[in-house]
Amino acid sequence: MTQIVEILLSGITQGAVYCVVAVGLSLVYGASRILNFAHGSLYSLGGFLAWFLVVGHFNLPLWLAVLVAIPILAAAGIGIERLIIRPLRGSANWKINTIMVTLGLAFIVENGLQLVFGPGTKTIPPFTEGVLEIGGITLSWYRIWIFAISLGLVAALEYFLSATRYGQAVRAVSQDMQGANQVGVNVNQVFSLTFALSVVLTGIAGILLAPVFLVSPLGGWAPFLKAFVIVVLGGLGSTKGAFVAAFILAILEAFVIFYIGPSWAMPAWLVMLIAVLMIRPKGLFGVWEN
Amino acid sequence: MLEVNGVNAFYSDFHVLHDASLRVNKGELVAVAGANGHGKSTLLKTICGLVPAKSGQITFDGQDIAGRKAPHLVGRGLVYVAEDRRLFPDMTVLENLQLGAYLPEARRREKDNLDRVFSLYPRLAERRGQLCRSLSGGEAQMVALGRGLMSNPSLLAIDEPSLGLAPNLTETMLRTVSQLNREGLTVLLVEQSLALLEGMIDRVYSIEEGVVTEADSRSLQEAL
């Protein structure tokens, strides 16, 4: 029984981080219908940024590195949207074009990281150590912190989207772009904002997981693929769907890794995805586009 | 208040508006009538900054606004209500109305305007927490008009408010527009059938294959 609870807790804590990566991907798709294939490489960028600030050059504490990284990641998101995505908007086949361009961007970021930091892996120390033991169940404090920070980030995003006027504008753009224009929402500003938020979220996830997993230039593909499966399972563009799907899949992953083996985790995810899509082709919380 | 002179507009290579000109004076209710596919909606969208004018002049309150985008024009009081309503389906009635007051100019009067909308349409007050996806056609049109009023317009451009509504709902809707006009709101209205507008309008333009002409009083009477 203790073992099952431990596996469950491991899945839940991991699910919170998956949620941060996936919600970012879903947010951009929801607002602008762009599937950002560079999302994973920006996760790696967060990890390397943390290494640079914590180990490589400045010896900052990890929490301060996160605070320093936020404006840098936000600027990267705005820059990508304005310089790479926006010129394509409105052109013929712009959806396919943006997929190709963001895929190209992923390769550029990866190779840029290899050029600057070398092809090897890096690691950074966690900001807290030790384990919590309750009734024979052990959980590292760092994992608990990651869980709390991740949930905090998702809750802050949800609050922003539901309770602030600017968040309402983001939802308005995702539901009817012309309608949003009609009431005075600057749609381009919303696109930039969602890209900035998305890159900040995935970058912070990259930073938080840097002490747990190694940071590597090509290490963003696995989180991207996972985020993609989560977003499709939850329903493209639905942040609520991404939240629920992240926990379902992370708990499934924890059990599959323990009982069958790590290499079966992704096949199990894909089987779950296919099974859900056969019953609900739009995902758990997806809605048909108008 | 609004002056449109020789405006041309295109969808890709298709020439929709041909040297369109019209005028709306402060306090007037002006109608543009014409059959489907002749450019009525494009005319309103071009005036309101949702379709770019290729050439020509549009002045609003004495300022050239040709080429200005919708968000800028909404802030200046030129507000568009779309024929297909363009509501946010997964947001509540209240959220849709609040978004009408998105810009700072309208937000200052948000509470007053919300009270006004709810007094015009008490049903919206009852359904303030309901998602717009689940509203009937008549209720959705009320939200669309209400959202336009929340933007604190000085000129409201309304695109075919009768579209998809039962005759009694259309009559109620147009009576509300007429009442708003009598209270001082300038209105530019597009409709297919002038018969619905009898006794409401100050002047009327007709549009045929993208060519706008002002109808004189006799032809207006005949049309009615």
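Residue numbering restarts at 1 for every chain, and letters A, B, ... go by the order of the sequence lines.
Note: K26(B) NZ to D61(B) CG = 7.0 Å, rounded to the nearest 0.5 Å.
Counting heavy-atom pairs closer than 4.5 Å to chain A, the top-ranked of the candidates R85(B), R147(B), M150(B) is R147(B).
Ring pair F195(A)/F191(A): centre-to-centre distance not below 6.0 Å.
Contact of S162(A) with chain B is made through the backbone alone, with heavy-atom distances under 4.5 Å. Interface residue L50(B): only side-chain heavy atoms are found under 4.5 Å from chain A.
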Exercise answer: donor-acceptor pairs, residues 225-233 of chain A side-chain atoms, under 3.5 Å, sequence neighbours excluded:
{"residue": "K226(A)", "atom": "NZ", "partner": "Y18(A)", "partner atom": "OH", "Å": "2.9"}
{"residue": "K226(A)", "atom": "NZ", "partner": "E253(A)", "partner atom": "OE2", "Å": "2.9"}

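For the salt bridge (charged side-chain N to carboxylate O under 4.0 Å, His left out) test with K40(B), the passing option among E160(B), E191(B), E209(B) is E160(B); the others fail.
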